[in-house]
Each structure stands twice: as C-alpha cells, then as structure tokens.
Protein chains: 2
Amino acid sequence: MSDPTEDQLAALGTAFETFARRYKLADALRSERPLAELDKAVLLYVAEHEGCGPTDVARFLGVPTTTLSSATDRLVKRGFLKRERIEADRRAVALSLSAAGAACARSMVEAYRQLHLLMLSRLSPDERDRFIAMITKIVDDDS
Amino acid sequence: MSDPTEDQLAALGTAFETFARRYKLADALRSERPLAELDKAVLLYVAEHEGCGPTDVARFLGVPTTTLSSATDRLVKRGFLKRERIEADRRAVALSLSAAGAACARSMVEAYRQLHLLMLSRLSPDERDRFIAMITKIVDDDS
DNA sequence: TGAAGATATAACGAAGTTCGGATTATTCAA
DNA sequence: TTGAATAATCCGAACTTCGTTATATCTTCA
C-alpha cells in the first residue's frame, strides 16, 4: 500500500495544531482559579476510575508519583477529591471525587462535548459516521 | 439538519483524548533536558515566522509578553534563538533561530510527521483524502 | 522643537508546579 | 522473624508563569 503523501501529512498537522488551540481556548475561558493541567487530567481520570490509587493515576499519566501526590494535595485542598485508606491494603489510599469534584469534572466534560458538537455540526450526517469510523480506526490500533 | 448523536460525540472525545496522549508521548521521548511547553511553541512559531517580534508571538500564543520574555530568555540561553535589534524600530527586536534552534525545530516537526504518518497509514489511500477533507472542513470554519 | 503619550522589551519578585531523594507504614517471601 | 518490596507522602531545590515596574524608543501635535 502506498504511503501517505507529504501534502496529506502537512494538512493533518495543520488540522491538529488548530485543534490544540481550540481545546486550549475552551479550557481558558473556564471561571475561577484554573486548575493546573495535571490536576484536570487527574480529576477526569478519577471520575472514570472511582476508587483507584495514586500510583495507577501516575502510571497512566506518565508522571512521577511524587508529582501526582502534589496534584492530589491540591485537589483535596480545593475539596474536589477525597482520599480514603482502604482495608484491603492499608498502605494504599482510594481516590474518589467529592460532589464538587464531580460537578467540576462534569462541567469540563460538558465543555469538551460542546466543542465536539460544534465540530461535528460542520459535517453532514452521513459524513459524521464515516469520520468517526476513520478516526476510531486510526486510534484503536494499540501498537 | 439533525444534530450529532451522543454516541458520535463520545466517540470523538475518546479519539481526541487518545491523540493528546500520543502527542505527549511523542514529545516525552525526546532527548536532553526537555524544553518547556511554551518554549517549544515559541520555537515552532519562530521557525515559521523568521524575524517576528516577541509581541507577535505572545499574542499568537495567548500569553503575557513578560512570560514570553522569559521563554525567549531560556531559548537564547540554550543557543536556540537569536535576538537582534532592528533598525526600523529600535525598540523592537527580531527573533530568529540559530542553527541549533532550527535543527531542534526540524526534529520536533519530524517527530510529529512520523506520528501523522503512522496515523494515516492505518487508512486506505482512498480514505486518507476523504479524512483530510473532512478534518479540514471541521477546522477551516473561522467562526 | 519638545513635551506627553504610546509602544516594545526587559528586570524583578511572588506564587505556584514538578520531581529527585529521604521517610513512614505496610505487606510479602524465605 | 527478618529483609526486601511496595504505597504513599514529606521536603526542598529548580523552574515557570505572570503582574508590577523600569527603560528605551517612537509618534504626535501644539
């Protein structure tokens, strides 16, 4: 199978660059003291993995556990996260979202959802499915 | 025209999340003391806009000019960037890349190119064009 | 001309973030 | 029962961001 052309590669690069900027703007216009990049990632991960441990999160996000500890500190301090010692292994803690944390995570997800909605709206209903199928194909290869 | 479905939105969100992670990894495995996120952005911008001024870059990247000043300081200190007073307006400086800076920018671009290549390779040649066309359509609306 | 105001950049410092190196508590294995 | 491994945290140094302030240089217009 022939290789992608340089033009195609360049076009893709430009598109992604624009995406990155849009995402950043969508974040930026959120109110209050904005959470650090890492903290947002932690919040979203915990939302999807209630009860996980700090080490899990650190491994997933590719940061040292000490860094993650700082992040959870900040989130706990803001009342977004709860740390609970668990019985099974008393060295470990289980992370979970507080009501406020869950609300914050929801609002982040919603902001992204709006952005995605806007994006897909530019395509015809037919194209949407084809686009999703292709982008999923690109991403789903776990190599 | 009907709205995108929630399933479509969710699928798109998942895909982008994965993209973000891949990009971050592509960055992470670069050697040497890694550049700060901002510094990389500055380097790439200057590569595309030789001779631009710090204020241009700050406006484009959406950061205060003082922050950008720090970034250019770091890049100059590492020998990646040159600052030259220009004659037309002696308050201003023109930014340009040193040989090392250009090399670094090239290697960053190349890393992204590889990533894009890998992505597009998962699609058939036909799909590639259609995919690019759609993603461009999504992005090109300057609303 | 020559002051007032605008503009480009840099210096400084406070607040916040990351991460390596201890440290503590607990579990596991021989 | 030790000793090694593991989960998490504390501490401190180095770095980043960004508001305030300072400096130099244009621009304008009376």
Side-chain angles (χ1 to χ4, degrees), chain A residues 24-25 27-46 49-96, chain B residues 24-25 27-46 49-96:
Chain A
K24 196 182 159 199
L25 290 189
D27 272 350
L29 57 77
R30 295 180 47 66
S31 53
E32 316 195 13
R33 317 251 130 64
L35 290 165
E37 209 56 43
L38 177 60
D39 299 14
K40 287 184 283 194
V42 172
L43 209 60
L44 289 178
Y45 183 87
V46 175
H49 300 82
E50 201 74 13
C52 65
T55 306
D56 301 328
V57 188
R59 191 168 34 228
F60 180 77
L61 297 177
V63 298
T65 59
T66 54
T67 302
L68 201 109
S69 194
S70 313
T72 55
D73 269 357
R74 291 191 291 271
L75 290 169
V76 167
K77 213 162 286 170
R78 293 208 195 180
F80 284 171
L81 205 61
K82 288 179 296 184
R83 268 191 279 228
E84 283 161 336
R85 286 284 164 188
I86 60 179
E87 187 183 355
D89 182 341
R90 275 187 312 197
R91 295 167 301 182
V93 300
L95 300 175
S96 59
Chain B
K24 200 184 156 200
L25 290 189
D27 272 350
L29 56 80
R30 294 178 47 67
S31 53
E32 314 196 16
R33 316 250 134 61
L35 290 166
E37 209 56 45
L38 177 60
D39 300 12
K40 285 184 284 192
V42 171
L43 208 60
L44 289 177
Y45 184 87
V46 174
H49 301 82
E50 201 73 14
C52 64
T55 306
D56 300 328
V57 188
R59 192 169 33 232
F60 179 77
L61 296 178
V63 298
T65 58
T66 53
T67 302
L68 201 106
S69 190
S70 313
T72 54
D73 270 355
R74 290 190 291 270
L75 289 169
V76 167
K77 215 161 284 170
R78 292 208 198 182
F80 284 171
L81 205 61
K82 286 179 294 184
R83 267 191 279 227
E84 283 161 335
R85 286 285 165 189
I86 59 180
E87 185 182 357
D89 182 340
R90 274 188 310 197
R91 298 166 301 181
V93 303
L95 300 175
S96 59

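All chains are named by letter (A, B, ...) in the order of the sequence lines, taking the proteins before the strands, and each is independently numbered beginning at 1.
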Which pairs would a plain distance check flag for residues 61-68 of chain A, meaning a side-chain donor or acceptor within less than 3.5 Å of a matching protein atom at least two apart in sequence or in another chain?
none

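- The existence of a salt bridge linking B/Asp73 and B/Arg78 is excluded, since no basic side-chain nitrogen approaches an acidic carboxylate oxygen closer than 4.0 Å.
- Residues satisfying the side-chain hydrogen bond (donor to acceptor under 3.5 Å, both in side chains) criterion with A/Arg91, sequence neighbours excluded, are A/Asp89.
- Distance, A/Arg59 CZ to D/dT6 C1': 12 Å, rounded to whole Å.
- Counting any heavy atom pair closer than 4.0 Å across all strands shown, A/Thr65 reaches a base atom.
- Relative to the side chain of A/Val93, the nucleotides C/dA10, C/dT26, D/dA8 differ in distance, and D/dA8 lies closest.
- Taking atom CG on A/Leu75 and atom C1' on D/dT9, their separation rounds to 16 Å, with Å as the unit.
- In this structure, the CG atom of A/Asp73 is 7 Å from the P atom of D/dT9, given to the nearest Å.
- By the salt bridge (Lys or Arg N to Asp or Glu O under 4.0 Å) test, A/Arg90 is found to be paired with no residue, residues two or more places apart in sequence or in another chain being considered.
- Counting only residues at least two apart or in different chains, ring pair (Phe, Tyr, Trp, His ring centres under 6.0 Å) contacts with residues 51-78 of chain A comprise A/Tyr45-A/Phe60.
- Between the CD atom of B/Glu87 and the P atom of C/dA8 there is a distance of 18 Å, given to the nearest Å.
- Comparing B/Gly53 and A/Asp89 against DNA chain C, the residue whose closest nucleotide sits nearer the 5' end is B/Gly53.
- Residues passing the salt bridge (Lys or Arg N to Asp or Glu O under 4.0 Å) test with A/Glu84: none are found, sequence neighbours excluded.
- The side chain of B/Arg83 places an N or O atom within less than 4.0 Å of a non-bridging phosphate oxygen (OP1 or OP2) of C/dA10.
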(message) I'd like to compare against my own output: the B/S/- annotation of nucleotides 16-25 of chain C with a strict under-4.0 Å heavy-atom distance to protein.
(response) -SBBBB---B

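- Between the CG atom of B/Leu61 and the P atom of D/dT16 there is a distance of 16 Å, given to the nearest Å.
- Nucleotide C/dT26 holds its P atom 8 Å from the CZ atom of A/Arg85, rounded to whole Å.
- When all heavy atoms of B/Leu75 and B/Val42 are compared, the pair lying nearest together is CD1-CG1, 3.7 Å.
- B/Ser69 has no side-chain polar atom (N or O) that falls below the 4.0 Å cut-off from OP1 or OP2 of C/dA11.
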